[in-house]
Number of protein chains: 2
Amino acid sequence: MSQDGEIIHLDTSLGYRLKEASTALRQAMEEALRPLGMTITHYSCLELLAQRPGLSNSELARGSFVTRQSMNVLLHTLEREGHVTRPDEAPVGKVLPTSLTPLGRRALERASAAVRGVELRMLDGLTETERGDAMRILESMIRSLRGESAPR
Amino acid sequence: MSQDGEIIHLDTSLGYRLKEASTALRQAMEEALRPLGMTITHYSCLELLAQRPGLSNSELARGSFVTRQSMNVLLHTLEREGHVTRPDEAPVGKVLPTSLTPLGRRALERASAAVRGVELRMLDGLTETERGDAMRILESMIRSLRGESAPR
DNA sequence: CAATCTATGTCATACTACTGACATGAGTCA
DNA sequence: TGACTCATGTCAGTAGTATGACATAGATTG
């Protein structure tokens with residue numbers, strides 16, 4: 001076929017499998033959230049705000065794995081829909097702390113229930129040991145990809 | 001804070017960690033491929049064709065985890081750039097088998113080397129056992145998310 | 001203090017991938 | 001044979017996200 005070392009064998013590539021898994025997860029979540037008129041990033045933003053109220057645009061962006069420009073667009077939509085609020089001017093610096101409104105909290109609760117169903121289904125075939133292994137292995141891969149070394 | 005069961009704790013969520021890992025991988029691959037003027041899907045398509053020549057548009061789409069519409073657009077670009085070729089009319093049915101040109105193969109070899117660097121870095125912090133565990137666990141998660149049951 | 005660096009919020013623009021839709025070919029079955 | 005189902009290729013329109021650029025605030029450093 002081809003000389004050794006020229007191509008990557010996708011069937012045995014961990015990167016390919018990781019992409020496959022994350023695609024399956026994304027599709028399952030999109031399917032679960034679509035009836036609620038919510039995207040994954042939309043949901044992710046609300047979930048972050050519920051756990052850590054007052055997060056800034058940039059912090060929400062990092063937590064949702066998008067750029068701060070994308071999060072900025074999303075926050076304007078969420079503000080217009082009445083799911084979040086931001087002060088007109090920054091209390092300190094340029095950072096605008098974001099808060100969940102009661103309406104946003106109710107939307108989150110519905111979304112969270114839908115997403116939990118997906119997460120539980122994903123965990124279904126794994127033993128308790130495997131879940132721990134998975135967390136640890138993924139964290140190690142993340143560190144390596146970011147160029148970090150020790151587990152802090 | 002909040003009543004139990006209302007929200008998902010992202011720090012301990014395997015889904016969140018999976019998203020984080022796939023984002024880190026995607027960013028590392030984009031960074032590696034950018035100097036070559038190639039996107040991940042672009043690369044993925046060429047890699048699939050090198051391993052399984054004659055794949056159709058729909059098959060390439062499934063293997064690259066995009067819709068067949070997206071792959072169709074990409075294939076037209078790759079055809080215009082001279083990286084792949086497709087017959088003018090289908091030998092059988094509507095399926096147009098795609099082939100890599102010598103130019104496309106050279107582009108793939110450069111891209112594959114760059115991507116292999118990323119994959120090796122990702123694997124760096126893992127033992128041989130962990131790599132096997134990771135493959136097995138990811139495959140199990142994929143099956144569960146797709147609603148399949150037994151390991152075939 | 002001034003200069004520099006870093007992080008942030010925001011706008012405009014471009015790209016990537018998606019959904020919706022349609023026509024066509026192959027297989028199935030009554 | 002004809003009706004049905006399914007997969008495919010393709011076009012058009014839309015949505016989500018990214019890149020590029022700018023101004024500004026805080027921290028750092030000489």
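Letters A, B, ... mirror the listed sequences (proteins, then strands); counts begin at 1. What you are looking at is a predicted structure, and each value in this text was computed from that prediction instead of being measured.
Put simply, chain A comes within 4.0 Å of DNA chain C, heavy atom to any atom, from C:dT8 to C:dT19, going 5' to 3'. For DNA chain D, the contact window with chain B, defined by any atom under 4.0 Å from a protein heavy atom, covers D:dT8 to D:dT19 in 5' to 3' order.
Taking every heavy atom of residues 59-68 of chain A and every atom of DNA chain C, pairs under 4.0 Å involve A:Arg62, A:Arg68, by number. Residues of residues 32-40 of chain A having a heavy atom closer than 4.0 Å to DNA chain C, listed by number: A:Arg34.
Residues A:Thr85 and A:Glu79 bring no donor and acceptor atom of their side chains to less than 3.5 Å of each other. A donor-acceptor contact closer than 3.5 angstrom is absent between the side chains of A:Ser44 and A:Glu47.
A 4.5 Å side-chain heavy-atom check between B:Pro87 and B:Pro97 finds at least one atom pair inside the cut-off.
Residue A:Ser70 is in base contact, counting any heavy-atom pair closer than 4.0 Å across all strands shown.
Inter-axis angle, ends of the helix from C:dC1-D:dG30 to C:dA30-D:dT1, five pairs per end, rounded to 10 degrees: 30°.
Within the structure, salt bridge (charged side-chain N to carboxylate O under 4.0 Å, His left out) contacts touching residues 14-26 of chain B (residues at least two apart or in different chains) are A:Glu139-B:Arg17, A:Arg146-B:Glu20, B:Arg17-B:Glu20, B:Arg26-B:Glu30.
Between A:His83 and A:His42, the ring planes are perpendicular. Angles over 60° get that label, and only those under 30° would be called parallel.
With the nearest nucleotide of DNA chain D identified for both B:Ser56 and A:Met71, B:Ser56 has the one nearer the 5' end.
Between B:Gly104 and B:Leu46, the closest heavy-atom pair is O-CD1, 4.1 Å.
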